[in-house]
Trainee: 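Pasting in a structure now, in structure tokens, and then I'll have a few things to ask.
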Amino acid sequence: MDLHILDHRLRVTSIAKSGLVHFTHPLIKLIFLRNRTRCKFLSLTETPENYTVVLDEEGFKELRPSEHLQVESSVWLPLNVASNANASVGSQAVGVTKIAKSVIAPLARQHVSVFMLSTYQTDFILVREKDLSVVVRTLEEEFNIYKEVGGESLLVHNQDVSNGLYKSGKEALQSTLHPVLIPQNQFCVMSLDPDTLPSIATTLIDVIFYSSSPKESEDLDRIKFFSFSLIDGYVSLVMDTDAQRHFPADLLFTSSSGELWRMVRIGGQPLGFDECGIVAQISQPLADCDISAYYISTFSFDHALVPEEDIVSVSDMLRRQRKDPAADA
């Protein structure tokens with residue numbers, strides 16, 4: 001299997017909803033005028049708390065310092081597992097489930113914190129730049145690891161690891177089992193041709209910047225969540241069915257099954273960035289059950305999307321895990 005370290009150096013930021021007005025122009029520029037910004041990696045996710053914006057160095061230049069902007073201090077590098085037909089034999093699961101055992105779990109055992117970003121096209125595993133040598137040593141037996149440099153993929157050879165590897169998973173810290181919330185929204189994972197972005201500009205701006213309504217804020221069983229990614233020319237959208245109705249159906253496309261997804265929101269309070277194993281505690285049991293999942297980390301909380309028909313079994317599994325952590329260890 002091949003693992004690619006993509007040629008992007010990323011920053012993870014949060015924009016307070018109360019300060020969004022100060023960032024409307026740069027965000028619109030990043031979404032619709034990418035040739036002017038030279039930003040090649042942009043992800044914007046709205047949650048009830050804030051807007052999480054992940055973007056490369058060129059895009060980050062567009063965000064001016066402000067009391068309404070929080071910036072995680074690290075530089076992050078996106079990893080991507082290349083599609084391999086032979087690797088999925090016997091498994092129909094997609095998304096983070098495919099890489100739970102080969103990437104997510106091994107990195108958790110080595111105390112490497114990850115930030116996940118699943119899109120319609122693929123899954124990006126973000127790791128801190130300073131952890132790259134540990135990541136390579138941890139995954140090099142399972143993968144051929146390539147680093148993209150100037151458009152070329154170069155094979156990465158063994159690197160020295162300054163802080164050592166843990167020889168046994170037993171030495172890794174047991175991560176906290178965070179509470180989960182399962183809202184009632186039904187979600188869609190969709191895409192569109194980037195050339196059609198101008199034709200949905202008004203709708204997209206309305207949904208991203210002006211979509212909060214009294215009905216939504218009063219409905220505690222539903223959650224505000226909308227994610228837009230424009231990465232290396234590919235567009236990905238994650239939205240609930242209410243937001244989907246605002247868009248022209250002939251422009252958005254989804255998988256042939258057109259399935260709906262339900263969300264598992266992880267964290268009773270903001271998770272932070274230093275704790276390891278948060279993604280693993282969700283993705284590992286899903287992988288054991290061969291259940292597909294998209295996973296989107298944000299500045300405050302994590303979010304897993306699972307097929308609607310699996311939400312009852314997933315809910316039961318996660319509740320058992322929290323009552324008896326040893327049962328799923």
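Here, residue 1 is the first one in the sequence, and each next residue gets the next number.
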Trainee: Report yes if some heavy atom in the side chain of His8 is under 4.5 Å from a heavy atom in the side chain of Asp232; otherwise report no.
Mentor: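 With C-beta onward as the side chain, the pair touches.
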
Trainee: Do Val53 and Ser43 come within less than 4.5 Å of each other through their side chains, counting heavy atoms only?
Mentor: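 SC-SC contact between Val53 and Ser43 ruled out.
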
Trainee: In Å, rounded to the nearest 0.5 Å, how long is the span from CG of Leu286 to CE of Met317?
Mentor: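 The distance works out to 4.5 Å.
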
Trainee: Determine whether the aromatic ring centres of Phe23 and His68 lie less than 6.0 Å apart.
Mentor: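 Ring centroids of Phe23 and His68 are no less than 6.0 Å from each other.
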
Trainee: What about Phe299 and Tyr51, are their ring centers closer than 6.0 Å?
Mentor: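 Here the rings of Tyr51 and Phe299 have centres that are no less than 6.0 Å from each other.
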
Trainee: Taking 4.0 angstrom as the limit, do Arg38 and Asp56 come out as a salt bridge?
Mentor: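 Salt bridge: no.
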
Trainee: Indicate yes or no: at least one non-hydrogen side-chain atom of Ile231 is less than 4.5 angstrom from one of Ser236.
Mentor: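 No. Closest side-chain heavy atoms not under 4.5 Å.
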
Trainee: Indicate, with yes or no, if the rings of Phe187 and Tyr294 have centres closer together than 6.0 Å.
Mentor: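 Between Phe187 and Tyr294, the centre distance exceeds or equals 6.0 Å.
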
Trainee: Heavy-atom distance under 4.5 Å between the side chains of Ile282 and Val96, does that happen here?
Mentor: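 Not in contact.
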
Trainee: Between Arg128 and Glu72 (salt bridge meaning N to carboxylate O under 4.0 Å), is one present in this structure?
Mentor: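 Between Glu72 and Arg128 there is a salt bridge, with a charged N closer than 4.0 Å to a carboxylate O.
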
Trainee: Are any non-hydrogen side-chain atoms of Leu107 and Leu139 less than 4.5 angstrom apart?
Mentor: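 With C-beta onward as the side chain, the pair touches.
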
Trainee: Does a side-chain heavy-atom distance below 4.5 Å link Asp302 with Met116?
Mentor: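 Counting from C-beta outward, Asp302 and Met116 never come under 4.5 Å.
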
Trainee: Are the side chains of Arg34 and Cys39 in contact, using a 4.5 Å heavy-atom criterion?
Mentor: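 Cys39 vs Arg34: side chains apart.
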
Trainee: What residues join Val21 in its hydrophobic cluster, counting side-chain heavy atom gaps under 4.5 Å, either direct or through other members?
Mentor: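 None; Val21 is a cluster of one.
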
Trainee: Less than 4.5 Å apart, any side-chain heavy atom of His178 and any of Leu271?
Mentor: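 They are in contact (side-chain heavy atoms under 4.5 Å apart), so the answer is yes.
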
Trainee: Phe124 vs Phe41 aromatic rings, parallel, tilted or perpendicular, using cut-offs 30° and 60°?
Mentor: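 It falls in the perpendicular class, over 60°.
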
Trainee: Taking the basic N atoms (NZ, or NE/NH1/NH2) and the acidic carboxylate oxygens, is any pair closer than 4.0 Å for Lys40 and Glu148?
Mentor: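 The answer is no: the pair does not qualify as a salt bridge.
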
Trainee: Looking at Arg36, Arg11, Lys29, which hits salt bridge (Lys or Arg N to Asp or Glu O under 4.0 Å) with Glu62?
Mentor: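 Exactly one option meets the salt bridge (Lys or Arg N to Asp or Glu O under 4.0 Å) with Glu62, and it is Lys29.
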
Trainee: Quick check for you: to the nearest 0.5 Å, what is the distance between Leu155 atom CG and Ile145 atom CD1?
Mentor: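 So the gap between those two atoms works out to 8.5 Å.
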
Trainee: Assess whether salt bridge (Lys or Arg N to Asp or Glu O under 4.0 Å) is satisfied between Arg222 and Asp242, documenting all intermediate values.
Mentor: CA-CA 11 Å; Arg222 301 175 69 82; Asp242 289 340; 2.8 Å; yes

